[in-house]
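One structure is given here, and the rest of the page talks about it.
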Amino acid sequence: MFRLHCLCGVRLKLKSGHVGKRVPCPSCKSVIHVVTAGDSVDDADVSHAIVVDEGSARVGDQIFLSGSDPLIGGKLPSTHLVLPGTQVSRSHFQLTPDGGTWQIQDLGSSNGVFVNGERVQQHTLSPGDSMRIGEYKLRYEDARAVGRTLEVQDDPPADDGMMFNLVEEAAAAPSREALESTEPKEPGPICPSCDEQLASGAKICIDCGINVTTGRAMITSQESGLDETYSVAESIIRIASWIIPVGVYPIASEAFGIRKPHIIRAIAVVTIAVSMWFLVLDWTGSPKASSIKNLMLWSGEAQVEPETLAMMYFTAGWGDAEAFEDALINQPEDAPVEDAIVAAHESLTPEQQCLGTYQPSQLLTHALLHGGVLHLLGNLLFLMVFGTRVNALIGGIGAIVVYPILAVAGGLGHMWSSVDAPLHPMLGASGAIMGLAGMYIVLFPAHKVHMAAWWRWGLFRRFSLSLNIFTMRGFWVVAFYIAFDVVFTAMGIDDGTAHWAHLGGFIVGMGIATLLLLSRLINARGGDLFSVLLGRHAWALVGRPSTTRKAILGG
């Protein structure tokens, strides 16, 4: 048997069977939950409580702290104080007994621990302290200054129900600690965003999520599924590293959005289906392959070299090789070989020719096709890491509108750069995906991207694998990859990659994200490039953090 005081003023006697269970107070009906790191609870232990004032679950719960061992709080079911939520880390914080009170410590969480508006690494709690843990607002209270007694006669049944026998007692006098906790404190600063009076010494406005001095927002991150992502990534890399012995790739992003990225996932499914259909027709030499060549983007106005033209009939599978060979045989014997090849090619129908012709629809369809499985998988990886996070912020309608625009922008960028080149096809979603990366660098520059780097050693190290998974800010990750396109285009290096498609999509993506922010159609929660660089000076451009701005796109 042990005793505790509900914060409504009722003193309860409970048996040890109630520890770890959520039971209602018979007076105020608030849910009471006693947690401990040990197996038993002493009467003297149960005097302090954490009250859930705001959050995605358990609002109003009184969580009583007990025991002499530290208590862990987070979203993992195995923690002592379970706070389910997208902004709460798996093991977010620790509470440790400290001379009659409790001390809170940040366990390296993504979104930090805030006490009275100030981010702390470690802090000794006093009654009345307000804590922010992800989307939860918690309050620390001393429950010893309350007064009536309730007795619990039976052990709780399986459904956590309880039987109570009410016994009235005289109200106890408030303790000295309780009286001290009610003494008025000096007023704190005024939040420059919402104009609310903050607690004394506060540096963070919890409601706005900003530093009251700089106006910069606390970054809201999403950590869900990272353990599984790490495990899957490691398993895939151990196999893939035999094919790609060296690699540096993103595997996950913590950028936060309130919507499900269904559109980008649907685009990924469609891209896989169409690309595999295209590849199977190409690999099998199906006659239908010649009919799908115009799904690729054909650009370039110069004449194709005759030798290249002839080789394409027998290697690419987009033309009728037999018809071309017959037409070539029928050319005059004294005609130069180059002229004969061109004449044979021009004598064929468009369906029989190995070269396609430009059509406006190709600016969209080329993004659904890929030249190989590795090309497809690489683009899908970047689409899922960056594209899903952008989709989660701008919504479904926004993604439906934006993705085709980015695909067109990438195609036009490539066509512009290759106008003087021989006629050739271009395919792949990388222009559209780099457009999404351009949006990402504007919307989420400070959010963490989880990276995997590996090296499969050679024979002298028995082909062992060195693998490291680490995090980088989104700005540097995107800048790292786009730098290759900038360098290759600046130096005029032709490596068979459509670098101007990447750059075209990237530039347009940055422009779209900037327009969405400036028009207030989306709210990046203070994590956008303007807010990160300018702090409170960005409010004139993107709005104050305290302003409720409905994300119209996908709303």
Side-chain angles (χ1 to χ4, degrees), residues 244 249-250 267-268 270-272 274-275 278-279 282 292-305 308 312 315-316 318 354-383 385-387 402-441 478-512:
I244 308 174
Y249 287 93
I267 289 172
V270 173
T271 301
I272 293 172
V274 176
S275 292
F278 174 81
L279 290 173
D282 189 38
I292 63 172
K293 61 178 177 287
N294 282 322
L295 295 178
M296 299 182 287
L297 178 61
W298 290 89
S299 56
E301 299 180 357
Q303 180 71 40
V304 179
E305 291 292 331
T308 304
M312 289 179 66
T315 58
W318 300 330
C354 65
L355 299 179
T357 56
Y358 167 73
Q359 299 172 12
S361 60
Q362 295 170 3
L363 291 170
L364 293 174
T365 58
H366 81 278
L368 298 175
L369 308 176
H370 289 81
V373 174
L374 292 180
H375 184 204
L376 173 62
L377 293 177
N379 276 347
L380 288 175
L381 176 62
F382 280 77
L383 179 66
V385 172
F386 298 117
V402 164
Y403 190 81
I405 294 175
L406 297 175
V408 171
L412 290 176
H414 176 72
M415 292 184 67
W416 173 81
S417 67
S418 59
V419 65
D420 296 327
L423 183 65
H424 65 281
M426 192 272 282
L427 74 171
S430 40
I433 293 171
M434 287 309 297
L436 293 171
M439 296 185 68
Y440 188 98
I441 205 172
V478 176
F480 172 77
Y481 289 105
I482 200 65
F484 286 97
D485 296 306
V486 174
V487 171
F488 275 62
T489 53
M491 299 182 65
I493 300 174
D494 184 7
D495 62 342
T497 300
H499 294 290
W500 268 108
H502 298 180
L503 292 172
F506 183 79
I507 293 170
V508 172
M510 290 187 67
I512 290 175

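- Rounding to the nearest 0.5 Å places CG of Leu369 at 10.5 Å from CG of Asp282.
- With hydrogens and angles ignored, the 3.5 Å screen pairs no side-chain donor or acceptor of Asn294 with any backbone N or O of Met296.
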ask   = Passes side-chain contact (heavy atoms from CB on, under 4.5 Å), Leu297 versus Tyr358? Steps please.
value = CA-CA 7 Å; Leu297 178 61; Tyr358 167 73; 3.9 Å; yes

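- Counting heavy atoms of neighbouring residues, nucleotides and ligands inside a 6.0 Å radius, atom CG of Asp495 exceeds 12 of them.
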request  = Apply side-chain contact (heavy atoms from CB on, under 4.5 Å) to the pair His502 and Thr497, showing each step before the final yes or no.
outcome  = CA-CA 9 Å; His502 298 180; Thr497 300; 3.7 Å; yes

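- Once rounded to the nearest 0.5 Å, the distance linking OG1 of Thr271 with CG of Asn379 reads 9.0 Å.
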message = For Leu380 and Ile272: C-alpha separation, side-chain torsions, deciding distance, then whether side-chain contact (heavy atoms from CB on, under 4.5 Å) applies.
response = CA-CA 9 Å; Leu380 288 175; Ile272 293 172; 3.4 Å; yes

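- For Phe278, there are no ring pair (Phe, Tyr, Trp, His ring centres under 6.0 Å) partners two or more places apart in sequence or in a different chain.
- Taking the six-membered ring where the residue is Trp, Trp318 and Trp298 present perpendicular rings, their angle passing 60° and hence far from 30°.
- Expressed to the nearest 0.5 Å, how far CE of Met312 lies from NE2 of His424 amounts to 10.5 Å.
- With hydrogens and angles ignored, the 3.5 Å screen pairs a side-chain donor or acceptor of Gln362 with a backbone N or O of Thr357.
- Shown here for His375 and Leu427, the closest heavy-atom pair between the two residues is CE1-O, 3.7 Å.
- Counting all heavy atoms, side chain and backbone alike, Ala407 lies closest to His366 at O-CE1, 3.4 Å.
- Across all non-hydrogen atoms, the minimal contact from Gly509 to Met439 is O-CG, 3.1 Å.
- If you take CG on Leu381 and CG on Leu376, they are separated by 11.5 Å, rounding to the nearest 0.5 Å.
- Residues Tyr403 and Ala429 share a closest heavy-atom pair of OH-CB, 3.7 Å.
- Closest of all the heavy-atom pairs between Ile244 and Leu374 is CD1-CD2, 4.3 Å.
- For the residue pair Ala498 and Met426, the shortest heavy atom distance occurs at CB-CG, 4.0 Å.
- Using bins of under 30°, 30° to 60° and over 60° for the plane-to-plane angle, the ring pair Phe484/Phe480 lands in the perpendicular bin.
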task = Would you sort out whether Leu406 and Ile512 count as a side-chain contact (heavy atoms from CB on, under 4.5 Å), showing the intermediate values?
result = CA-CA 9 Å; Leu406 297 175; Ile512 290 175; 4.0 Å; yes

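- No donor-acceptor pair under 3.5 Å is formed between the side chain of Trp500 and the backbone N or O of Ser418.
- For the pair Ser299 (side chain) and Met415 (backbone), a donor-acceptor distance under 3.5 Å is absent.
- Around atom OH of Tyr249, no more than 12 heavy atoms belonging to other residues, nucleotides or ligands sit under 6.0 Å away.
- The CG atom of Leu503 lies 12.5 Å from the NE2 atom of His414; values are rounded to the nearest 0.5 Å.
- Phe386 has its side chain within reach of Val478: a pair of non-hydrogen atoms, C-beta onward, lies under 4.5 Å apart.
- With sequence neighbours excluded, the residues forming a side-chain contact (heavy atoms from CB on, under 4.5 Å) with Ser361 are Gln359, listed by chain and number.
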